[in-house]
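Scroll down for the structure; my scribbles are underneath it.
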Number of protein chains: 2
Amino acid sequence: MFEVFKAYVLKHALISDDEFALIEAASRIKKLRKKQYLLQEGDVCRDHSFILSGLLRTYSVDDKGNEHIIRFATKDWWISDRESLLTGLPSKFNIDAIEDSTVLLWSAAQMEDLMDKLPGFSKMINGILNKSFITSQNRIHEAISSTAEEKYHNFITRYPDFALRVPQSMIASYLGIAPETLSRLRGKKH
Amino acid sequence: MFEVFKAYVLKHALISDDEFALIEAASRIKKLRKKQYLLQEGDVCRDHSFILSGLLRTYSVDDKGNEHIIRFATKDWWISDRESLLTGLPSKFNIDAIEDSTVLLWSAAQMEDLMDKLPGFSKMINGILNKSFITSQNRIHEAISSTAEEKYHNFITRYPDFALRVPQSMIASYLGIAPETLSRLRGKKH
DNA sequence: TTGCTTTCTTAACAAATGTCATCGTCCTGG
DNA sequence: CCAGGACGATGACATTTGTTAAGAAAGCAA
């Protein structure tokens with residue numbers, strides 16, 4: 001399974017076999033069944049996770065019991081609560097598996113160590129962080145400037161795969177609208 | 001004016017005087033009058049900017065001429081369009097000065113060079129990027145899970161300074177609501 | 001299969017927000 | 001100093017969205 005990760009890294013950086021050996025030695029593998037938590041609200045997030053297979057989501061639950069999905073993540077994506085990871089404080093978010101999944105884990109300390117020892121790896125990780133930030137900015141832009149219909153259209157255009165693998169109520173949650181509203185939008189002619 | 005930047009950096013990293021000399025040599029200073037653009041939609045963003053004084057905003061303008069403010073930024077904050085900076089493609093956003101401002105600039109190439117040569121500086125910049133990403137995630141969370149009233153309340157709590165220096169119509173734009181809606185929310189008792 | 005759960009749709013109504021227009025105040029540039 | 005513009009408040013009305021409830025269709029487990 002580590003091969004999936006290796007193939008991913010080689011798309012972004014030049015890493016030698018010796019370096020991969022270090023990275024692999026510091027990693028753990030974890031299998032998750034559907035609905036299983038990778039991180040639960042109130043716990044401290046201790047690991048960076050890379051998804052080898054499956055589909056996960058990050059979400060919060062409010063006072064009324066409503067779930068709010070911050071993001072979905074699938075093969076070749078990273079997932080964690082960076083805030084909890086950085087501060088060591090309990091997480092506000094849950095991460096769980098929407099489908100049976102497999103992830104690679106590195107503790108914060110291990111990741112820090114790897115990044116100090118392997119500049120190429122560090123540069124890659126920070127490049128990914130930069131792209132993640134850009135994606136976030138664009139999502140914020142969309143959230144404040146688009147109608148619900150536009151948001152939905154953009155979602156299925158940008159993530160056609162998720163649209164097939166995820167129930168519509170979760171898409172509504174991701175977009176910040178009620179599931180009934182999404183159902184109505186879909187019913188309308190364009 | 002470079003002293004403002006130096007004081008900021010020393011709060012986050014250990015940088016020697018020699019290193020500061022390098023950083024300063026690569027920088028340019030720019031003064032902006034109120035309403036002056038730092039970046040205009042359609043232009044390529046070429047610089048990382050650090051704000052020495054004043055207040056700026058990043059925003060887009062839609063088909064109907066409505067402005068949507070992605071973020072405000074003031075002294076000791078960085079501002080740029082990271083997407084345009086990374087890709088070299090024209091920016092979707094405008095950045096302009098809400099107050100007379102002064103900024104320090106580094107071109108993308110200069111910044112890259114500095115980060116390669118100065119690991120401590122690089123680590124600091126990436127640490128800031130990490131925090132920016134966390135802030136973005138929290139804003140996304142708020143956008144999809146809070147009412148307009150909660151968003152406004154959070155804004156004035158988190159950024160009391162901006163609430164005083166920025167017209168309410170801009171706050172409304174930042175929150176993604178019509179200025180009339182914000183005016184009504186304010187009119188209501190808490 | 002059968003029964004249970006999940007998912008999605010639809011309807012009726014309430015609440016929130018947007019749009020358009022008007023008005024008064026402040027303030028600032030000429 | 002004055003006039004025009006920016007800013008904010010408010011009202012009337014339209015539109016969108018949330019809420020509650022009910023039911024149909026599909027999937028899943030015993």
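Reminder, nothing fancy here: chain letters follow the sequence lines and each chain counts from 1.
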Atom CD1 of B/I144 and atom P of D/dT17 are separated, to the nearest Å, by 16 Å
Rounded to the nearest angstrom, tell me the gap between atom CZ in A/R165 and atom P in C/dT6. 21 Å
Atom CD of A/E99 and atom P of D/dC28 are separated, to the nearest Å, by 12 Å
CD1 of A/I177 versus C1' of D/dT19: gap in Å, rounded? 15 Å
Euclidean distance, B/I70 CD1 relative to B/R139 CZ, rounded to 0.5 Å: 7.0 Å
Atom-to-atom span, CG of B/L185 to C1' of C/dA15 - whole angstrom: 13 Å
In whole angstrom, give the distance that lies between atom CD of B/E150 and atom P of D/dG18. 14 Å
Starting at atom NZ of A/K151, determine the distance to atom P of D/dT16, rounded to an integer number of angstrom. 14 Å
For atom NE2 of B/H12, is the number of surrounding heavy atoms from other residues, nucleotides or ligands below 6.0 Å larger than 12? yes
Classify the ring geometry between A/F5 and A/W106 as parallel (under 30°), tilted (30 to 60°) or perpendicular (over 60°). tilted
Spacing between A/I98 atom CD1 and C/dT7 atom P, to the nearest angstrom: 11 Å
Just jot down the salt bridge (Lys or Arg N to Asp or Glu O under 4.0 Å) partners of A/E99, sequence neighbours excluded, or say none. A/R165
Using atom names, set out every protein N or O paired with an N or O of nucleotides 6-10 of chain D below 3.5 Å, distance rounded to 0.1 Å.
residue : atom : partner : partner atom : Å
D/dG8   : OP1  : B/Q168  : N            : 2.9
D/dG8   : OP2  : B/Q168  : N            : 3.1
D/dG8   : OP2  : B/S169  : N            : 3.2
D/dA9   : OP2  : B/Q168  : OE1          : 3.1
D/dA9   : OP2  : B/S183  : OG           : 2.8
D/dA9   : O5'  : B/S183  : OG           : 3.3

Where does the angle between the aromatic ring planes of B/F72 and B/Y174 fall among parallel (under 30°), tilted (30 to 60°) and perpendicular (over 60°)? parallel
Give a yes or no on whether a salt bridge exists between B/K30 and B/D47, defined as a side-chain N under 4.0 angstrom from a carboxylate O. no
